[in-house]
Amino acid sequence: MKIFNSYTNKLETFVPHHPNRISMYVCGPTVYNYIHIGNARPVVVFDTVRRYFEYKGYNVQFVSNFTDVDDKIIQAAKEANVPEMIISEKYIKAFLEDVVALNCKTDYLKPKVTEYIPQIIAYIQSLIELGYAYIIEGDVYFRVSKLAEYGKLSNRKLDDLIAGSRVEINEKKESPLDFTLWKKTEEGLHWHTSFSDGRPGWHTECVAMIDDIFGEEIDIHGGGTDLMFPHHENEIAQSLAKNHHHVARYWMHNGRLNLEGEKMSKSLGNDIKVKDLNIDLKAYRMFLLSTHYRSPLNFSIEALDVFVREWAKITKTVESLHRTLDLHDSLESNVIVTAGDIMEVIDYFLTSMDNDFNTPNALTALNQLMRSINQKMRQKLDYAWLNQALRAINDMLSVLGLEVPLIRLADEDRVLINQWEQARVDKDFALADMLRKKISEKGLL
RNA sequence: GGACCCAUAGCCAAGUGGUAAGGCAAAGGACUGCAACUCCUUGACCGUUGGUUCAAAUCCGACUGGGUCCUCCA
């Protein structure tokens, strides 16, 4: 399969370092607020990547961190007059609730910065010893000039960066490009080290965690394009200095989500919280997957509405297929797909996913299969075909994280539906309407 | 100011050298006891303009219009 590697800017054949095993790390949230719908994009994208790898039989070691040491958390804690931990724990919990609602898996390793302070300090210490970092008045900075390759990931030249007048002016640093590894401070959570009492900068946590957890260059590092510079560039810089590798063999970056054509971010205050969307979030997940993960995506209520309807259609089709088979006592398990038309759709689905996770085309395959299912449901029922179609569509939905919950009919429901059918045959429409109402109220129609 | 990306039907969106997938909306039709659901049919000279090529939405240049990054941000 092919993956677009942001580091080389090329579509590359993906080969994991270890056979059957894939190591993945995705930059997680800074937990000082509820996540907005843009924050949900990488979460859904990389959950889908993981699901596809697992579908293909790989054992995926998935790690995503929580940044729980940060200026904004300190500020929020001050405002609420509580310890920082209260703030971060609250929003970690909220994050996981949103993530579950988006149907993302949560059984992955979730390291927190506060749990990784010794490793982060040790990492910084090594960088100092290797001459890649220097201490000034208790602050520790990374010496960018020592690394010839700096700027390769984000594809920019050092001269341009310096020329850009927006680079922070800090008299203490050797160069304006040097970034903070450790900040001397008495404010908020801080720790004692030989350089000073303070706390880590943002850029070391991910590499320290990856180093500790995986102990080697990982297969995939993911995150939003806006993290490419400086965050990921700085991760690579530190890793090259200390471990002589680029953190990950494949770097994946998802495009931004914009709101009505404008950038959405917490700092601009125009963000919509995931928890405020007020819809079945699988519809939102589907919306996110309807555009290729690397393209920018424009959010609007109208665009989302399309997928609210689409999701309803999927739900209805799959439920109806399952119920039809159930009603006729024809549900089979461990079905193997042999029907040519279904195999063709599966093939299109897999080819699409193999091509740098082309989920829009994967959704096209899903639509094709749905149409076939709805066609066959109006004809004389072919149970073997329908079982295969159910298997196929469930597999696809599971890869995309769009599973439709299916439950077997209770005996009383089965009776009810049969009575309704009979009443219609008998043309007893008063009874039929009454039964239909009952069935409908049970959500079985 | 610097770097980079994008521009396909009313809307969303694949396709990245060989004569335009899919979805939504719209219109017409079918099915149905009434409904709902569903099914069928109908739509594009691929922003403008030069060039390369037997052949370009697809490659190169210019222009126009959007967007992202350079600062915390997913």
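Side chains are part of it too, since the values below use all heavy atoms of this structure and drop only hydrogens, waters and symmetry mates. Here is how names work: the chains are called A, B, and so on, in the same order as the sequence lines, proteins then strands, and each is numbered from 1. Owing to the predicted nature of the structure, the values given are computational and were not obtained by experimental measurement.
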Ring-face cation contact, A/Tyr34 with A/Lys273, 6.0 Å cut, 45° max: no

Exercise: identify the closest heavy-atom pair between A/Ser352 and A/Asn361: OG-CB, 3.2 Å

Spacing between A/Phe349 atom CZ and B/A21 atom C1', to the nearest angstrom: 16 Å

A/Gln375 vs B/C40: side-chain N/O to OP1/OP2 distance below 4.0 Å: yes

Atom-pair distance (CD1 on A/Ile301; C1' on B/C24), nearest Å: 16 Å

Base of B/G15 paired with side chain of A/Asn361 (donor-acceptor, under 3.5 Å): no

Side-chain N or O of A/Asn39 closer than 4.0 Å to phosphate OP1/OP2 of B/A74: yes

A/Asn355 side chain near B/A14 phosphate (N/O to OP1/OP2, under 4.0 Å): no

Nucleotide B/G22, atom C1' - distance to NE2 of A/His292 in whole Å: 17 Å

A/Lys313 NZ - B/A25 P separation (whole Å): 9 Å

Whole-Å gap separating C1' (B/C11) and CZ (A/Arg309): 11 Å

Gap between atoms CZ and C1', on A/Arg256 and B/G66 respectively (whole Å): 15 Å

Rounded interatomic separation in angstrom, taking CZ from A/Phe299 and P from B/A13: 13 Å

CE (A/Met434) with more than 12 external heavy atoms under 6.0 Å: yes

Six-ring centre of A/Tyr108, A/Lys110 cation under 6.0 angstrom, axis tolerance 45°: yes

Nearest-neighbour nucleotide for the A/Arg41 side chain, B/G23, B/A74, B/A21 considered: B/A74

